[in-house]
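Note sheet for the following structure.
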Amino acid sequence: MQRENFTDRPGLGHLPDEEVGLAVLLRAWRARAGRKLGLGKPLPQVEVAAAVGMSERWYRDLERGATPRLDARTLTALAGALRLCADERATLFLFAAGGEPFPAVSPADGVDLAPLRRLLDLQPTQPAYLTDNAWNVLAHNEAMAEWFPWVQVPGANLIRWGLTDPEARQQLADWPRHGRAYLAMLRYAMAQYPGHPELAEILLTALADPECRRIWDDGPVIIANRDGHTFRLSIPRFAPHAVDVVTQVLHPVGHPGLRLTFLSLLPESDVETDADRLDG
């Protein structure tokens, strides 16, 4: 299977590098590093360059959108100088590599998803679903359909629902935090699959919403996935009560790009938030 090239596909609009490119991330990360160090200003470019062992001009060009070749040693030094977390470090490496090295699989490739569907069906009471690299719902079990009937609609997409469907803002407690997480996952996915038309379409549609635009403009946040995330739901299945759940996200190694997600009810005493993950 060849690596798919999305760059020449027509889309619904154009996303400038200032929205999704590496340069905007580097500037934001450098500003945050300065705050963490108590400088009261962004970490100077010359200090970042010195920590990496490169010239100030070299780093300044990076923040202007240059795309020079970056080896593993340079990337590791740059990640350390900017105080990047694991997901941000992965994003930096993805930009340097030009995206995910393993092509994402798709039902259009003739991939047999029956074993994964059987795995979902083995969860009789626990909602579970399968998505592709753009969060299109490829399969789900009966419990998932009972909790979230929208997954049965042709073309159901988790991120599109979470960001643009009014129902999501009613059912997901503290929706702005969910919105921020979904946008952060979109940003990571677009580093994995640069030029992916569906990811771009989802983001463009979301950014037309004032609340999503406000969250996006607050500054770039990166999240690779929401494995272990806990949150509160208010859905008709449990009305009038709210329930607390935790998500587990699995990546089948033989099916790059696919995600298996399971939802489990939590005892009240186990409920936490992902504030540290989002705000760090």
Side-chain angles (χ1 to χ4, degrees), residues 113-186 188-189 202 205-206 209-212 214-216 221 223-252 258-280:
L113 299 181
L116 298 179
R117 290 191 174 98
R118 285 196 293 270
L119 181 59
L120 297 179
D121 291 337
L122 287 173
Q123 318 301 317
T125 61
Q126 179 182 13
Y129 58 96
L130 174 70
T131 55
D132 65 10
N133 65 331
W135 288 280
N136 292 302
V137 179
L138 304 180
H140 57 81
N141 64 2
E142 290 185 11
M144 185 67 186
E146 290 177 2
W147 285 37
F148 300 101
W150 61 266
V151 299
Q152 301 173 89
V153 177
N157 182 286
L158 174 70
I159 299 294
R160 185 180 291 110
W161 176 82
L163 288 174
T164 65
D165 195 313
E167 180 182 74
R169 303 189 186 194
Q170 297 172 0
Q171 297 184 359
L172 300 172
D174 192 11
W175 178 86
R177 184 171 297 281
H178 289 273
R180 193 175 183 212
Y182 288 140
L183 289 169
M185 289 193 296
L186 263 179
Y188 182 83
I202 293 170
T205 301
D209 175 83
E211 184 65 12
C212 287
R214 182 194 65 76
I215 294 170
W216 181 266
V221 179
I223 295 179
N225 60 70
R226 299 185 82 181
D227 185 52
H229 169 67
T230 63
F231 56 95
R232 179 158 292 178
L233 288 171
S234 296
I235 57 177
R237 171 70 172 77
F238 296 100
H241 305 291
V243 295
D244 298 301
V245 299
V246 60
T247 60
Q248 275 85 40
V249 182
L250 307 180
H251 294 268
L258 301 191
R259 308 173 184 87
L260 284 164
T261 304
F262 302 86
L263 299 180
S264 301
L265 288 171
L266 276 178
E268 186 176 353
S269 59
D270 291 339
V271 176
E272 300 175 357
T273 70
D274 62 344
D276 291 339
R277 193 173 187 187
L278 282 169
D279 298 334

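Given the structure is predicted, the values throughout are model-derived calculations rather than measurements. Values reported hereafter were calculated over all heavy atoms of this structure, with side chains retained and with hydrogens, waters and symmetry mates removed.
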Of all heavy-atom pairs linking Q171 and P236, the shortest is NE2-CD, 3.7 Å
Is there a side-chain contact between L233 and L172, using heavy atoms and a 4.5 Å cut-off? yes
Measure the OH-OG1 distance between Y182 and T164 for me, rounded to the nearest 0.5 Å. 11.0 Å
Can you find a heavy atom in the side chain of V153 that is under 4.5 Å from one in the side chain of W161? no
Sidechain-backbone polar pair: W175 side chain, G162 backbone, donor-acceptor under 3.5 Å: yes
When rounded to the nearest 0.5 Å, the distance separating OG1 of T247 from CG of L263 is 7.0 Å
So which heavy atom on M185 is nearest to which on N225, and how close? SD-CA, 3.9 Å
Within the side chain of D244, is there an N or O that forms a donor-acceptor pair under 3.5 Å with the backbone of L266? no
Return the minimal non-hydrogen interatomic distance between Y188 and I223, and the atom names on each side. CB-O, 3.5 Å
Exam field: side chain R259 to backbone D132, donor-acceptor pair closer than 3.5 Å: yes
Counting only heavy atoms not in E142 (residues, nucleotides, ligands), do more than 12 fall under 6.0 Å from its CD? no
Report yes or no: is the cationic atom of R237 (NZ for Lys, CZ for Arg) closer than 6.0 Å to the six-membered ring centre of F148, at no more than 45° off its axis? no
Looking at W135, is R160 sitting on its ring face, NZ or CZ under 6.0 Å from the six-membered ring centre and within 45 degrees of the normal? no
Does some side-chain heavy atom of L116 sit less than 4.5 Å from a side-chain heavy atom of L138? no
With heavy-atom distances below 4.5 Å as the criterion, would you say the side chains of L163 and D209 are in contact? no
Parallel, tilted or perpendicular: rings of H229 and F231 (30°, 60°): parallel
Between atom CG of D227 and atom CG of L250, what is the distance when rounded to the nearest 0.5 Å? 7.0 Å
Taking all non-hydrogen atoms of both residues into account, name the closest pair between T125 and P127 and its distance. O-CD, 3.5 Å
Check against side-chain contact (heavy atoms from CB on, under 4.5 Å), L260 and L120: CA-CA 8 Å; L260 284 164; L120 297 179; 3.5 Å; yes
Side chain to side chain, E211 and P176, heavy atoms closer than 4.5 Å: yes
Quick check: do H140 and Q152 have side-chain heavy atoms less than 4.5 Å from each other? yes
CG on L265 to CD on Q126, rounded to 0.5 Å: 9.0 Å
Side chains of V243 and R232, heavy atoms from C-beta outward: is any pair under 4.5 Å? no
Where do A206 and C212 come nearest, in terms of heavy atoms and distance? O-CB, 3.1 Å
With side-chain contact (heavy atoms from CB on, under 4.5 Å) as the test, would you mind laying out the steps for L113 and L258 before giving the verdict? CA-CA 10 Å; L113 299 181; L258 301 191; 3.7 Å; yes
